[in-house]
Novice: 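What follows is a structure written as structure tokens; I'll ask about it next.
These numbers were taken from a predicted model, which means no experiment stands behind them. Residue numbers begin at 1 in each chain, while the letters A, B, ... track the order of the sequences.
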Amino acid sequence: MSDNVTTDKYESASNREDKLAEFEVHKRGMFGNVQHWLHLTPAAVPLIVLIASILIFGALIGDRFFSPFALTLVLQQVQIVGIVAAAQSLIILTAGIDLSVGAITVFSSVIMGQLTFRYGMPPSLAILCGLIFGTLCGTLNGFLVSRIKLPPFIVTLGTWQIILASNYLYSANETIRAQEIETHAPLLQLMGTKFQLGGAIFTLGVIFMIALMIVLAWVLRHTAWGRHVYAVGDDPEAAQLSGVNVKATLLSVYALAGLICAFAGWALIGRIGSVSPTSAYEANIESITAVVIGGISLFGGRGSILGALFGALIVGVFSLGLRLLGADAQWTYFFIGVLIIAAVAVDQWIRKVSA
Amino acid sequence: MSDNVTTDKYESASNREDKLAEFEVHKRGMFGNVQHWLHLTPAAVPLIVLIASILIFGALIGDRFFSPFALTLVLQQVQIVGIVAAAQSLIILTAGIDLSVGAITVFSSVIMGQLTFRYGMPPSLAILCGLIFGTLCGTLNGFLVSRIKLPPFIVTLGTWQIILASNYLYSANETIRAQEIETHAPLLQLMGTKFQLGGAIFTLGVIFMIALMIVLAWVLRHTAWGRHVYAVGDDPEAAQLSGVNVKATLLSVYALAGLICAFAGWALIGRIGSVSPTSAYEANIESITAVVIGGISLFGGRGSILGALFGALIVGVFSLGLRLLGADAQWTYFFIGVLIIAAVAVDQWIRKVSA
Amino acid sequence: MDLFLHRRADHRRRCRGPVDQKGIGMSEPILKGRGLIKRYGRVTALDRCDFDLMPGEILAVIGDNGAGKSTLIKAISGAVTPEEGEIWMNGKKVHFTSPSDAREAGIETVYQTLAMSPALSIADNMFMGREIRKPGIMGKVFRQLDRPAMEKFARQKLSDLGLMTIQNINQAVETLSGGQRQGVAVARAAAFGSKVIILDEPTAALGVKESRRVLELIQDVKSRGIPIILISHNMPHVFEVADRIHIHRLGRRLCVINPKDYTMSDAVAFMTGAKEPPTEELAA
Amino acid sequence: MDLFLHRRADHRRRCRGPVDQKGIGMSEPILKGRGLIKRYGRVTALDRCDFDLMPGEILAVIGDNGAGKSTLIKAISGAVTPEEGEIWMNGKKVHFTSPSDAREAGIETVYQTLAMSPALSIADNMFMGREIRKPGIMGKVFRQLDRPAMEKFARQKLSDLGLMTIQNINQAVETLSGGQRQGVAVARAAAFGSKVIILDEPTAALGVKESRRVLELIQDVKSRGIPIILISHNMPHVFEVADRIHIHRLGRRLCVINPKDYTMSDAVAFMTGAKEPPTEELAA
Amino acid sequence: APASAEDISACLITKTDTNPFFVKMKEGATAKAKELGIELKSFAGKIDGDHETQVAAIETCIADGAKGILLTASDTSSIVSSVKQARDAGLLVIALDTPLNPIDAADMTFATDNFKAGELIGQWAKAKLGDEAANAKIAMLDLAVSQPTVGVLRDQGFLQGFGIDLGDPNKWGDETDPRVVGHDVTAGNEEGGRTAMENLLATDPMINVVYTINEPAAAGAYEALKAIGREGDVTIVSVDGGCPGVQNVADGVIGATSQQYPLLMASKGIEAIAAWAKDGTKPEPTEGKDFFDTGVELVTDQPVDGVPSISVKDGQDRCWG
Ligand SMILES: Nc1ncnc2c1ncn2[C@@H]1O[C@H](COP(=O)(O)OP(=O)(O)OP(=O)(O)O)[C@@H](O)[C@H]1O
Ligand SMILES: Nc1ncnc2c1ncn2[C@@H]1O[C@H](COP(=O)(O)OP(=O)(O)OP(=O)(O)O)[C@@H](O)[C@H]1O
Ligand SMILES: [Mg+2]
Ligand SMILES: [Mg+2]
């Protein structure tokens, strides 16, 4: 056919110059290099903010703040929020959000306590049941999100109220006292076990939080599952088409988040000594705050889970630092509000200039 | 040039049959018609749920519920959440979310009260200042969202804490008593003015809520600004390119939402009689719940603001109905949680089958 | 003159820039851009770009992916503000800061991404940003839209253009097929563009038949005396309808050629850098 | 036979369906679809569609916008599950419920939307869903990825195909230009497709030069003996590379023609319904 | 229809239904109501300070045709308008635990004097420290930044009892006495108690007196002290007298606690409503007070001179929850 021959002629013109398209190598100055590094290392900004705020409060307050005691105190104070923030990060990486984390945390701890003391179960078994329960709650969220395809915000808004109400109904608002737990089921307080290194005091719960974050960061970076979590958060349809099982990934993320919250519930018993159904009621907002300050995008697929750890620590440093400066408790809330907006504005700015 | 002549020949082939592309006319059965109507009328589903729940509770409880008194009581009980939900709807229509609505509401009411009683301002001026203050808070949110381009969730997470902390700091946690307001500044309680129609009791606040919803529904449907709000929520970039001033629209929406919240603050004084800095602390979650049950998409651009009114009423009917049935308060929260998930699942289902 | 400076600054840019400067039988350009610069982070999308559109002509803009064509027309239509450079319209300097500015000046654009709000109706989309208000108090004070008028106009325009027969002008745009959406976007531009119409790859997603309709429409608009800027990767289309071809390369105008004087192969060779453009190219 | 029934049920479908049934010198189709049906709400995207791909051939699929081409290849590649109908591969009936099923069977697809995760690296995207794990305990127990191996392979494939020289294989895909992304998607398919490669409009967004590279790549893959399905609106491209052309219309196969026997005008006329297809078309 | 005993219904509206104090109050009321054949409905705010839900609850009771309301008000002034509405509708409104502002807004108040409860532990702590009281370092663990009345009353009562100048008695945090190290908020639970204690310890590690809003917060504070090995030399005082709290006094976690009697308040309240429904009699206040005092007792095993107290043993016999 004559027309397809003539038609194509003009296209061959493009081949005369056979230089391959190349990726541009940008020359950057010092500043440019720093920006580029900040851009590539999403946890770097919160880390810098964290170090800066420690230094500033240290300079303002002096030894009372800049002591191993005070600094490890921050770790102890943020451990519950930190563990929950790990769960929240996973979910936010898939472009979801989980309002029910606090409810799962406290209900799991109540189940561990009540199974031991109301029904006389051995503590180890009760803890196992609590962990399974948390996982089931997470799985319920995951099922509604991945199968019924409801928006995560709404699903967890609903399950939050459901789980919390069940928690009060089941526990009949009974507290189990620390002394009883100490005598009859010390395993429940395991996460509160202390050990000292110089003036620094660490608890098993703190070690657990840090280890959890490091393990999750490694898993997200170095396993296929981790890459799939990012891909699902980035563009679920593209992930599906390129061979990721989106539903299974989402389900596993929510279930894992539930399990982590149950661990947070266990750590909660270690921290407060007793089992109380009124704990952790603001853990959802606090964990979201930590994640957001840690530079993880609410739109999913971007950010490092270590950022959430730094975010939680930043809030902890601010709270303690402001208290030590003698600020009223209200002022702490005020400054944390300012901090949230400032952290995200800075993050946005860095992304913009280094784009 | 010979090649462009020959090349084009094949295309002209397509013109031989000159039937125009036509929009398919679908024949639908009864059921199909209903689905189609439901699909086109986003407020219909919550309206049906509302009527159904009134009927069910009426059947279960009888006259105590099915009386003009009880039914108008629901209206009075949801008026604050309803007014705030109107503000929340506007923001959610632009694909945003506002966590600071409750804080703006209560701080505005505190300002109205404190300006009158602490500084002796005439009540009318104090109310005006309160309304202006609410608008300014909204404008601050709008500025951060539209100019600095921060995500609304984070911005309002921050301003929520900032405004609430300022509220406690400014008010010094003082309640202004109803008796004093009644004697010295009855204008502050204006929205609480009652009038009776048969057994039904209406307050000015209730009338305001209903009128506000109807006016906003009209404005959204019948003015350019309203269409722009939908366009911005749908796809901000497309809206910008097709000539909408996206920044100004966003700013105006947040400012208007702030103003509406300030009106809610005024209505709050009418409802509880006094000015208390601890009111409306959960208005953000409650208004989001109402909006979500009302079928407005959290992704923006879809849904009718009347749906939010029905959503608020559904929650009100459930709360009152369950209480009259003698259910424990925790069961009410439990069922509202179930209701949220069920409402959205049904909505999703209707959208799917009628797509 | 600044043209001279440019030529010295960049030796690869050989063909004659502002073609009207010869002044032989040519009127002033209706739209003229000079030295436009626009950067995205480290990417320079427009690099001292010049541009001329003559009255009544169809000017095609061709160039490789990422050459900056879309950015150029966004700069002209106010969707992005160039960091440097000037734009003249009918000999007067203009400064568009938003697409609505350009639209008020009579420049209508069909963007590569179409720029429609999927959930809104065809009529709403056609009038987005320039809604008609009811006459009298309802319109003036309450700012009520005149829906019947808008719908009538929209239906009229769509049938005028023969692009499609619309059953329901209140249908949401998301229920339309890709081709139908493209049609609505083009109809919107044709209906409101009083001075210039810009089309960015209007046939990229279209089938053969739909593409043909759009090409006919372009010629139709031209016959109404309105100049058109057409961006396309489709050489046969370009050579069929264009009066002049602006070849864009690496963020700037490489040269302007007359399709009657060059083959498609030449154009592609210039565009991809396989061949040097002629030193003195007179694109009349 | 069901072919006979179909012909009776629809008088407009005249050309011979499953072309291999003649059996003259033809092997079995490597991929075969029969009676595929897929509806989206009220739209019937596939309407009892048949389909055949012969070993080693390039089969082009052409058709108007919305004819159901993308849906057809999604059904073949497991991205959508047809409501009715059967698919055979190498004579064995297969049932893909997800894209990974099809990929395990050796069918690689470049979707119209590319299907990449913008924030992840080129290497991550190429191996998405089929990551290589470290040998030994780190891989087996801890399931650690073997990044160096994945990066090496990815770099190798990209340069093999001569599509581009990548500076940094760990670059996020979102930092690539449209053309480069297209290149990565095609390279991914070419690298892993052992049985069939499917390309949905691989040149739609590409410039002339990039388009040409993709066409060369297609012929390259064919020379390795792997059959290709190519969807395109670009008739010259189709007529240049295709061995057979499957013409799709209103959700089903209208007919299959040999590009040597027909002109582009004929193909377009069949496709748009301007001309009836030949009653007995033997597309060998 | 004429009211038979079965037709009498009453409402109990508490601040929250998560705090054991109110849970027990509800149990007491439920038991008494069952005994008298009264139908009881209970309502509660979501958190302490949530008075809007209480307003809605009062309205519901009116709609429900209840004969009377037992109310622990979250906001003692804000609720007055609604209470008036209920009384106008012919309901008997009894304030439990917390008097309304003004106190005669309710038909009667059955309450513990929260200020007195604080005062008792303040006096006890002062006496316990003896001369050291002049150099005490006091940590104040309060309820919430919104300063609900009950928290302010207990806090200021404690400070008064300890002999510290109150500044404005309607709010905490404006004291200038250097012995007060600081105030922090606990949300009335263990977690908040521990964090607040840690914060204040970081401010001044030499704290030796800890006031806590309730016993769960005290338990949390104790954990924080234990963590640095100071649980032995710090005096913790608290208010409530719940069984776990009294047990904590026995175990030496808490030095002394002011015990209140929610079960008594609730059952008295139900009886009053029954009487009102029967023949319209209203309950009478305690002699010399404008409310019916259900009493408060200091529970400790370390009695001090001049501060009346009961033993832990007695406290356990009378504890709730
Ligand atoms: N909003 C943006 N942010 C960052 N970079 C951008 C943006 N828009 C365009 N660019 C970059 O600017 C350059 C020019 O893009 P432009 O869209 O103008 O090219 P084009 O010639 O229209 O290409 P195509 O033919 O693919 O449409 C490209 O490198 C592109 O990546
Ligand atoms: N996910 C979906 N939901 C609803 N309808 C869809 C969906 N995908 C495709 N369709 C509809 O199915 C029909 C066929 O679409 P398809 O994408 O297969 O066409 P195509 O031949 O590939 O067209 P094009 O040439 O424009 O790519 C169209 O009417 C389209 O609107
Ligand atoms: Mg472009
Ligand atoms: Mg397609």
Side-chain angles (χ1 to χ4, degrees), chain B residues 61 63-65 67 69-74 76-78 80-81 106 164-165 167-169 171-182 189 192 194 268-283 285-286 316 319-330 332-333, chain E residues 9 11 13-14 16-18 22-23 26 39-66 74-85 89 100-102 105 144-149 151-152 168 170-174 185:
Chain B
I61 302 170
D63 278 357
R64 275 180 307 149
F65 182 83
S67 65
F69 177 76
L71 292 179
T72 48
L73 187 58
V74 171
Q76 288 177 47
Q77 293 184 342
V78 304
I80 306 301
V81 170
V106 62
L164 209 56
N167 166 48
Y168 291 137
L169 288 166
S171 68
N173 302 95
E174 268 168 31
T175 300
I176 301 171
R177 295 174 23 186
Q179 291 79 350
E180 278 173 55
I181 297 177
E182 221 170 300
Q189 294 177 341
K194 280 197 200 53
L268 186 67
I269 305 179
R271 166 128 181 93
I272 62 175
S274 51
V275 172
S276 159
T278 59
S279 312
Y281 76 104
E282 265 202 338
I285 291 295
E286 284 169 1
S319 306
L320 183 67
L322 286 171
R323 273 194 239 120
L324 286 179
L325 277 177
D328 198 89
Q330 293 300 340
T332 312
Y333 302 137
Chain E
S9 73
C11 291
I13 304 172
T14 52
T16 71
D17 60 355
T18 56
F22 300 115
V23 174
K26 184 170 140 191
E39 191 198 341
L40 181 76
K41 290 200 176 111
S42 345
F43 306 88
K46 282 183 196 147
I47 60 159
D48 209 322
D50 171 15
H51 53 91
E52 291 151 290
T53 306
Q54 294 195 321
V55 170
I58 292 178
E59 290 166 344
T60 309
C61 294
I62 301 172
D64 202 26
S74 267
D75 186 320
T76 53
S77 333
S78 285
I79 205 76
V80 168
S81 316
S82 304
V83 168
K84 182 163 177 296
Q85 204 187 338
L100 299 187
N101 179 10
V145 288
S146 58
Q147 304 205 2
T149 356
V152 175
D168 179 351
N170 293 317
K171 67 185 206 191
W172 50 254
D174 60 343
V185 294

Novice: Under 4.5 Å from any heavy atom of chain E, what part of Q189(B) do you find: side chain, backbone, both or neither?
Specialist: neither
Novice: Check whether S82(E) gets within reach of chain B through its side chain, its backbone, both or neither, counting any heavy atom under 4.5 Å.
Specialist: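 The answer is neither part of S82(E).
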Novice: Report which part of K84(E) has an atom under 4.5 Å of a heavy atom belonging to chain B: side chain, backbone, both, or neither.
Specialist: neither
Novice: Can you run down the salt bridge (charged side-chain N to carboxylate O under 4.0 Å, His left out) pairs that involve residues 51-64 of chain E, sequence neighbours left out, and say none if there aren't any?
Specialist: R64(B)-D64(E), R271(B)-E59(E), K41(E)-D64(E)
Novice: Contact part of L268(B) toward chain E, heavy-atom cut-off under 4.5 Å: side chain, backbone, both or neither?
Specialist: side chain
Novice: So what's closer than 4.5 Å to chain E heavy atoms on A280(B): side chain, backbone, both or neither?
Specialist: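 Interface part for A280(B): both.
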Novice: Which answer fits E282(B), side chain, backbone, both or neither, if we ask what part of it has an atom under 4.5 Å from a heavy atom of chain E?
Specialist: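 Only the side chain of E282(B) comes within 4.5 Å of chain E.
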Novice: Heavy-atom pairs under 4.5 Å with chain B - which of L40(E), T53(E), N170(E), D50(E) has more of them than the others?
Specialist: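 Looking at each option in turn, the highest pair count goes to D50(E).
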Novice: Pick one of side chain, backbone, both or neither for Y333(B), based on which atoms fall under 4.5 Å of a heavy atom in chain E.
Specialist: side chain
Novice: Between S279(B), P277(B), S67(B), A178(B), who has the most heavy-atom pairs with chain E when the cutoff is under 4.5 Å?
Specialist: S279(B)
Novice: Hey, which of G65(E), A105(E), A57(E), P102(E) has the most heavy atom pairs under 4.5 Å with chain B?
Specialist: P102(E)
Novice: If we only count heavy atoms from C-beta on, is the Q330(B) to D17(E) side-chain gap below 4.5 Å?
Specialist: yes
Novice: What residue in D63(B), L320(B), T278(B) has the most heavy-atom pairs under 4.5 Å with chain E?
Specialist: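 The option with the most such pairs is T278(B).
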Novice: Under the side chain to side chain contact (heavy atoms under 4.5 Å, CB included) test against R177(B), which residue among S81(E), S77(E), S78(E) passes?
Specialist: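 One option only clears the test, and that one is S77(E).
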Novice: Could you check which of I61(B), L169(B), I272(B), I176(B) has the highest count of heavy-atom pairs closer than 4.5 Å to chain E?
Specialist: I272(B)
Novice: Quick one: side-chain contact (heavy atoms from CB on, under 4.5 Å) partners of K171(E), sequence neighbours excluded?
Specialist: A172(B), Q147(E), D168(E), D174(E)
